[in-house]
Amino acid sequence: MGGKKALGVAVALSALVLLPTASASVSLLTDAFFLGGEKVYSSSEERALDQIIRSVAAKVGEVCFLTEHHRFSSGFSYLNQIQARGALESQGWTVEEVVPFSSSKGVGVWYAVRNKGWKREEVLVLLLEVSEGGRRGYLSLCQIQ
């Protein structure tokens with residue numbers, strides 16, 4: 001295990017120990033641990049989020065091959081944003097903010113890339129905050145090439 005990856009895992013595990021009630025979701029697309037997040041399994045939520053992130057990808061000339069969604073029940077605080085970006089970077093991703101997250105608009109877009117062995121991986125990351133029926137945030141990932 002590389003130094004950055006080991007550090008990322010150690011930080012994630014320490015935070016979980018300090019916050020026993022904290023939830024965390026694991027991304028199969030990025031290997032990142034998103035503290036405070038939970039994977040979206042509801043088919044209706046997944047369909048709606050898939051449609052949104054595929055539309056965003058199309059607007060920048062990309063196509064989503066795989067998608068994945070994580071829900072943050074407390075919304076996207078600044079701390080959640082820093083943690084999510086740090087989780088990606090600890091797994092070797094270089095993250096570029098394409099559209100900075102704005103709480104007034106409730107949206108932000110990141111582009112993340114990493115070289116894993118001989119393979120280059122690219123992911124579009126959508127940060128979306130919804131206030132209907134209570135405040136919650138979504139981190140949607142879209143694998144592109």
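The analysis underlying the following values was restricted to heavy atoms, covering all of them including side chains, and did not include hydrogens, waters or symmetry mates.
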Q. If Ile, Leu, Val, Met, Phe, Trp and Tyr residues are connected whenever their side-chain heavy atoms lie under 4.5 Å apart, and connections chain through other members, are Y111 and L66 in the same group?
A. no
Q | Flag side-chain contact, heavy atom, 4.5 Å: V113 against R120 | A | yes
Q: Find the distance between CD (E89) and CD1 (I82) and round it off to the nearest 0.5 Å.
A: 11.0 Å
Q. Are T67 and L141 close enough that some pair of their side-chain heavy atoms sits under 4.5 Å apart?
A. no
Q) When rounded to the nearest 0.5 angstrom, what is the spacing between CD1 in I53 and OG in S55? A) 10.5 Å
Q: Kindly determine whether K116 and E121 satisfy salt bridge (charged side-chain N to carboxylate O under 4.0 Å, His left out), including the steps that lead there.
A: CA-CA 7 Å; K116 191 172 182 180; E121 297 176 309; 5.0 Å; no
Q. Is there side-chain contact between Y41 and E46, with at least one heavy-atom pair below 4.5 Å?
A. no
Q: Treating Ile, Leu, Val, Met, Phe, Trp and Tyr as nodes and any side-chain heavy-atom pair under 4.5 angstrom as an edge, say whether L124 and V99 lie in one connected cluster.
A: yes
Q: Determine whether the side chains of Y138 and E45 contain a donor N or O and an acceptor N or O closer than 3.5 Å.
A: yes
Q.
Taking the side chain as everything from C-beta on, heavy atoms only, tell me whether L139 gets closer than 4.5 Å to F76.
A. yes
Q) Under 4.5 Å between any side-chain heavy atoms of W93 and V123, yes or no? A) yes
Q. Closest heavy-atom contact between V26 and K39?
A. O-CD, 4.2 Å
Q: Please answer: with hydrophobic residues joined when any side-chain heavy atoms are less than 4.5 Å apart, are I144 and I52 in the same cluster?
A: yes
Q. Has E38 got more than 12 heavy atoms of other residues, nucleotides or ligands less than 6.0 Å from its CD?
A. yes
Q. In terms of side-chain geometry, is the basic nitrogen of R135 or E129 positioned less than 4.0 Å from the acidic oxygen of its partner?
A. yes
Q.
Nearest 0.5 Å, please: how far is CG in L29 from CD in Q91?
A. 13.0 Å
Q.
Side-chain heavy atoms nearer than 4.5 Å, only ILVMFWY residues, links allowed to pass through others: does that put F72 and V95 together?
A. yes
Q: State plainly whether one hydrophobic cluster holds both V63 and V125, where clusters connect Ile, Leu, Val, Met, Phe, Trp and Tyr through side-chain heavy atoms under 4.5 angstrom apart.
A: no
Q: Any chance you could measure F34, atom CZ, to Q83, atom CD, to the nearest 0.5 Å?
A: 7.5 Å
Q. Which of these passes side chain to side chain contact (heavy atoms under 4.5 Å, CB included) with H69: L126, L128, D50?
A. D50
Q. Taking the side chain as C-beta and beyond, is there a heavy-atom pair between V109 and L127 under 4.5 Å?
A. no
Q) Hey, does C142 have a side-chain heavy atom less than 4.5 Å from the side chain of R54? A) no
Q. Does a side-chain heavy-atom distance below 4.5 Å link S77 with Q81?
A. no
Q. How many angstroms lie between atom CG of N80 and atom CZ of R85, to the nearest 0.5 angstrom?
A. 15.0 Å
(Q) Ignoring hydrogens and geometry beyond distance, is a side-chain donor-acceptor pair present between S27 and E68 at under 3.5 Å? (A) yes
